[in-house]
Protein chains: 2
Amino acid sequence: MSPTVKDVAREARVSVGTVSRVLARNETVNPGIRQRVEEVIARLGYRPSSLGRSLRLNKSDIIGLIIPDITNPFFAELAKHLETLASAAGYSVLLANTHDDPKAECKQVQSLLCRVPAGIVIAPVSGSLVGGILPDGLVSVTIDRPLTGHSLVAVDNFEGGRLAASHLLELGHRRIGYISGPTTTDVSIQRLNGFRGRVEEASSDRAQDLVQLTVLEGNFDYKSGEAIGRKLLQGNVGRRPTAIATANDQQAIGLLRASRDLGIRVPEDLSIVGFDDIPLASLVLPRLTTVRQPIEEIAEIAIRALLGSGPIVGPIALRPALVERDSTAPPPAC
Amino acid sequence: MSPTVKDVAREARVSVGTVSRVLARNETVNPGIRQRVEEVIARLGYRPSSLGRSLRLNKSDIIGLIIPDITNPFFAELAKHLETLASAAGYSVLLANTHDDPKAECKQVQSLLCRVPAGIVIAPVSGSLVGGILPDGLVSVTIDRPLTGHSLVAVDNFEGGRLAASHLLELGHRRIGYISGPTTTDVSIQRLNGFRGRVEEASSDRAQDLVQLTVLEGNFDYKSGEAIGRKLLQGNVGRRPTAIATANDQQAIGLLRASRDLGIRVPEDLSIVGFDDIPLASLVLPRLTTVRQPIEEIAEIAIRALLGSGPIVGPIALRPALVERDSTAPPPAC
DNA sequence: TGGTCAATATGAAACGTTTCATTGCCATAA
DNA sequence: TTATGGCAATGAAACGTTTCATATTGACCA
């Protein structure tokens, strides 16, 4: 089929070893022969087989990316950056969705391991891998969500939650709602804890001016944001929250739609803070105030940890940043 | 490192061939031995190496997916379905972004070919592949955009354009704008031609009631939709279009934002029709009327063509469908 | 007993690389 | 002339599979 190193060797009347050494550019080989071999390679359109190479080296140039759902803009963005960086370093990215199903995750991991990947980037479904631990030799980076016994690269979710809370408190909000992600995920818990912690601090600081916090739990998607949003917003004006923070932008966008449907103006009647800063956040109306995750940086660190200088030590917590846009304002005077 | 078939063979005191036959379930092997081997496999946690297997069979179980940008919701959706189907059939998906750059595309294709993929799904940057044609042995499916000499699976974009036009005409619009994608892509051209063709039909049907069509070209993203939208919408009320169709949903959503900023109500003052029906289309406000592409069906046909019964013959054009939501209405009376 | 057949296990070759110990060559030194 | 050494190319082994031709076994029949 495709020409192999043997064909090249025969055609250039050298041994396969020599061809191989021509390809590994740094080897010492007679200039005349090198040229002859290179010419044959070009003429035959020879392309070294990754398969043979990987088998011999017992290590492929594939990086496995295991995420819940590529349809989620956050992971799509992450995948894009990872792929770009990996590609530049001569690696390819294998995509695997778990759909947040531990069984599917296990299957995907197994199937990936058969490929002897150079490394794996995983956003695990839960805190522990169902199929047991990953093999020793494998370099892996856990992103977004932690996995016991593995190094994590992620934004500091706790701090992110605090940022959102601080912003709302500073604007003067005192009746606040929070739409959480599933509390089975560590991400949700961290964000919520950060948020709640900051709110409680404020409450105890000024006992005369108690802050009232209502937390409801949903999923990380648009629909959930809309549904939970409705629940939080029904009730008379004096009772309902003047601000709601969400655990991600998709929920926030769903919430935006719910408030529109209910005739509640954002930010005049209701302030909304999201989390992630997906591209869409700056496109909805009003543009969404949100806590930004440095996705590109996460991708860079992950790739560096995988391909670069040894595994990373301990969890890396990146700094989140509050991006102030048009969906937050002081509470309505009443 | 990881146990190999040899380790299993030694441990179970059989030959490697026998182990292999135990794994290929359909082979005839003594039940007692089979059990012994299986037990050893389980005990050792043996996992056959994809590498060795692929090398021997000269065919891997990798499906290459080459697309412009995984961040585009349409492609993300497609990738998800492809991955799900491929995974169910025991294949893995290798992700490669071209960022609409022919050079990057060439590099990605080359790098993919080294892996001896079982097949490749490609949404090519342009009508022809820079690095020459794909090798003979390789099964490939072209999606979304055609590639000369390759079979295409895509929605009937021409018909989709007609659907959008018909809808607006039936509502009574006579001053219509169209935001096209880059006219270097076949997709854009087809959609525009379909749209324009239908409009011209209407114009000639009823000469007394001429339809006026303004077409501007942009890119397939939010920003472009917003910018081009602004251009179309400036000018006094009597002159500006009462309806605008776009070449994809992202443009439509950008346009939505532009009209909001300009104080133009949708659909009362302006009707908008998108194309694709990405998940977000039903979440923006107002919910977007759009031409739906059967993404899941595209994925299914592509996978079937790749893994199933031989290559597909000729281009497959799937039927688009108009999804009527809240962004279109009769033109304002004036 | 010898022969035939079916059933089943074996061993080796092959897939396309890389690497490493050898070999061959030539120049310089003794 | 014979050693010595350095440089470059060679050939074979190895990576982990699958497959195919061959070997082994036992049973059955004449």
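Heavy-atom basis, side chains included; hydrogens, waters and symmetry copies ignored. Residue numbering restarts at 1 for every chain, and letters A, B, ... go by the order of the sequence lines.
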Notebook entry, point to check: So do the side chains of A:Arg34 and A:Arg21 get within less than 4.5 Å of each other, counting heavy atoms only?
Noted result: no

Checklist line | Rounded distance (nearest 0.5 Å) linking atom CG of B:Leu65 with atom CD1 of B:Ile122 | finding: 9.5 Å

Notebook entry, point to check: Quick one: salt bridge (Lys or Arg N to Asp or Glu O under 4.0 Å) partners of A:Asp61, sequence neighbours excluded?
Noted result: B:Arg115

Note to self: List the residues meeting side-chain hydrogen bond (donor to acceptor under 3.5 Å, both in side chains) with B:Arg47, not counting sequence neighbours, and say none if there are none.
What the structure shows: A:Gln110

Note to self: If you only use heavy atoms from C-beta on, which nucleotide in D:dG16, D:dT19, D:dA8 is closest to the side chain of B:Leu57?
What the structure shows: D:dT19

Check: At under 4.0 Å between heavy atoms, what does B:Leu51 touch on the DNA or RNA strands: base, sugar-phosphate, or nothing?
Finding: nothing

Next item on the list: Could you list by number each residue of residues 7-19 of chain B showing a heavy-atom separation from DNA chain D of less than 4.0 Å, or answer none if no residue does?
Entry: B:Gly17

Next item on the list: Could you list the residues that satisfy side-chain hydrogen bond (donor to acceptor under 3.5 Å, both in side chains) with B:Ser188, not counting sequence neighbours?
Entry: B:Thr185

Checklist line | Spacing of OG belonging to A:Ser92 relative to CD1 belonging to A:Ile63, to within rounding of 0.5 Å | finding: 8.5 Å

Note to self: Just N and O in the side chain of B:Lys6: are any of them under 4.0 Å from OP1 or OP2 of D:dC15?
What the structure shows: yes

Notebook entry, point to check: Got a sec? Which of residues 39-47 of chain A come in under 4.0 Å of DNA chain D, heavy atoms?
Noted result: none

Item checked: side-chain hydrogen bond (donor to acceptor under 3.5 Å, both in side chains) partners of B:Asp100, counting only residues at least two apart -> B:Arg145

Next item on the list: Tell me whether the OP1 or OP2 atom of D:dA8 has a side-chain N or O from A:Arg21 closer than 4.0 Å.
Entry: no

Notebook entry, point to check: Which atom names give the shortest non-hydrogen contact between B:Tyr91 and B:Ser60, and what distance separates them?
Noted result: CE2-O, 4.5 Å

Next item on the list: Please figure out whether B:Gly52 or B:Asn30 has its closest DNA chain C nucleotide nearer the 5' end.
Entry: B:Asn30

